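In what follows, a single structure is set out as structure tokens and then discussed.
Computed from a predicted structure; not experimentally measured. The residues of the chain are indexed from 1 along the displayed sequence.
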Amino acid sequence: MSKIGRKPIDISALKVEVKGQEIHFKGKKSAGIYLLPDVLTVQIDDNKLSLLPKTEKVSRNVQRDVNRVWGLHRALLANELKGADAAFEKEVIINGLGFKAAASGQKVVFSLGFSHKIDFELPKEVTLEIDKTGQKLMFRSSNKFLVGHICSMVKALRPPEPYKGTGIRLSTDVIARKAGKTKAA
């Protein structure tokens, strides 16, 4: 039994319909179709959606693979359903003198201490909110993977350095700081 796979998913705020191996869902933020592999089935009871493996006598190695697929697809489906109801969000912090971001439509212009400004194109599914200082960015989307991917791409523009801590980081990141050079006696 998969520990993750056997947990039910709450679908009280969504409209969910099962058609064979396809799960059609619609929520406040988005709608979509999730395709399950053939080794899994769906069961809906009292606003709870459960994924179950098809009951067959199989070898131990095959059962282990089914458990992995079961837990994986349960987690992916839970993220899709949660994103259909409420958007995922991540906060990015820009630290450094003169470092900032400015939004213009679906583009973000970063000033990160280079000799040029960096233009970054946002996907249509991602919304961005920037505070008045231009150093706190809040990314929102119904797709959890996309929010994380965009935040990692933005962070890669200027990773935080360990001496002064300047650069781009997530609000949840902890930067291991290093001591600078000490004066020789």
*Under the side-chain contact (heavy atoms from CB on, under 4.5 Å) criterion, do L49 and F25 qualify, and how do the steps go?*
CA-CA 12 Å; L49 184 136; F25 59 90; over 6 Å; no
*So, the side chain of K54 versus the backbone of D38: is there a donor-acceptor pair under 3.5 Å, distance only?*
yes
*Can you tell me how far the SG atom of C151 sits from the CG atom of L146, to the nearest 0.5 Å?*
9.5 Å
*Check ring pair (Phe, Tyr, Trp, His ring centres under 6.0 Å) between F120 and all other residues, then give those that pass, not counting sequence neighbours.*
none
*Could you tell me whether a side-chain N or O of W70 sits under 3.5 Å from a main-chain N or O of L51, the two making a donor and an acceptor?*
yes
*If you round to the nearest 0.5 Å, how far is CG of L81 from CD1 of I11?*
7.5 Å
*Between the main-chain N or O of F99 and the side-chain N or O of Q135, is there a donor-acceptor pair closer than 3.5 Å?*
yes
*Less than 4.5 Å apart, any side-chain heavy atom of N95 and any of P160?*
no
*Pair N143, S141: side-chain N/O donor-acceptor within cut-off below 3.5 Å*: no
_Applying side chain to side chain donor-acceptor pair (under 3.5 Å) to D10 and S12, what does each step give before you reach the verdict?_
CA-CA 6 Å; D10 182 35; S12 57; 3.2 Å; yes
*Atom pair CG/CD of L14 and E80 - distance to nearest 0.5 Å*: 11.5 Å
*asked:* Salt bridge or not between R68 and D65? Use side-chain N to carboxylate O under 4.0 Å.
replied: yes
*Less than 4.5 Å apart, any side-chain heavy atom of V126 and any of R140?*
no
*Which heavy-atom pair separates R74 from P8 by the least distance, and what is that distance?*
NH2-O, 3.3 Å
*Counting N and O atoms only, with roles assigned by atom type, does the side chain of Q106 sit under 3.5 Å from a partner on the main chain of E121, one being a donor and the other an acceptor?*
no
*Taking all non-hydrogen atoms of both residues into account, name the closest pair between V154 and I168 and its distance.*
O-CD1, 3.4 Å
*Which atom pair, heavy atoms only, marks the closest approach of A176 to P162?*
O-CB, 3.5 Å
*Over all atoms of both residues, closest heavy-atom pair of R169 and I175*: CD-CD1, 3.3 Å
*Any link between V147 and L77 through a network of hydrophobic side chains (Ile, Leu, Val, Met, Phe, Trp, Tyr) touching at under 4.5 Å?*
no
*asked:* Rounded to the nearest 0.5 Å, what separates atom CD in E129 from atom CD in E89?
replied: 8.5 Å
_Min side-chain heavy-atom separation I94-K100 under 4.5 Å_ = no
*Please say whether more than 12 non-hydrogen atoms of neighbouring residues, nucleotides or ligands are located less than 6.0 Å from OH in Y163.*
no
*asked:* Would you say V66 ends up clustered with I4 if hydrophobic residues are merged whenever their side chains have heavy atoms under 4.5 Å apart, either directly or through other cluster members?
replied: no
*Between the side chain of E17 and the main-chain N/O of E22, is any donor-acceptor distance below 3.5 Å?*
no
*asked:* Which heavy atom of Q21 sits nearest to which heavy atom of L40, and what is that distance?
replied: NE2-O, 3.1 Å
*List the atom of S30, the atom of G83, and the distance in Å for their closest heavy-atom pair.*
OG-O, 4.0 Å
*T41 side chain to L52 main-chain N or O, any donor-acceptor pair under 3.5 Å?*
yes
*Indicate if V39 and L72 have the same hydrophobic cluster label, given that clusters are the connected sets of ILVMFWY residues with side-chain heavy-atom separations under 4.5 angstrom.*
yes
*Taking everything shown except L170 itself, do over 12 heavy atoms lie less than 6.0 Å from its CG?*
yes
*Step by step, would you call D173 with K155 a side-chain contact (heavy atoms from CB on, under 4.5 Å)?*
CA-CA 11 Å; D173 286 351; K155 185 179 169 182; 2.6 Å; yes
*Do D131 and T133 have side-chain atoms, one donor and one acceptor, less than 3.5 Å apart?*
yes
*Can you check side-chain contact (heavy atoms from CB on, under 4.5 Å) on L76 and Y34, steps first, answer last?*
CA-CA 9 Å; L76 292 174; Y34 190 85; 3.4 Å; yes
*What about I33 and V42, same hydrophobic cluster or not, with Ile/Leu/Val/Met/Phe/Trp/Tyr joined at side-chain heavy-atom distances under 4.5 Å?*
no
_Does D46, at its CG atom, have more than 12 non-hydrogen atoms belonging to other residues, nucleotides or ligands within less than 6.0 Å?_
no
*In Å, rounded to the nearest 0.5 Å, how long is the span from NZ of K178 to CD of E161?*
10.0 Å
*When you look at CG of L35, are more than 12 heavy atoms from neighbouring residues, nucleotides or ligands closer to it than 6.0 Å?*
yes
*asked:* Do L157 and L97 land in one hydrophobic cluster if side-chain heavy atoms of ILVMFWY residues count as linked below 4.5 Å?
replied: no
*Could you grab the distance from atom CG of L137 to atom OG of S171, nearest 0.5 Å is fine?*
11.0 Å
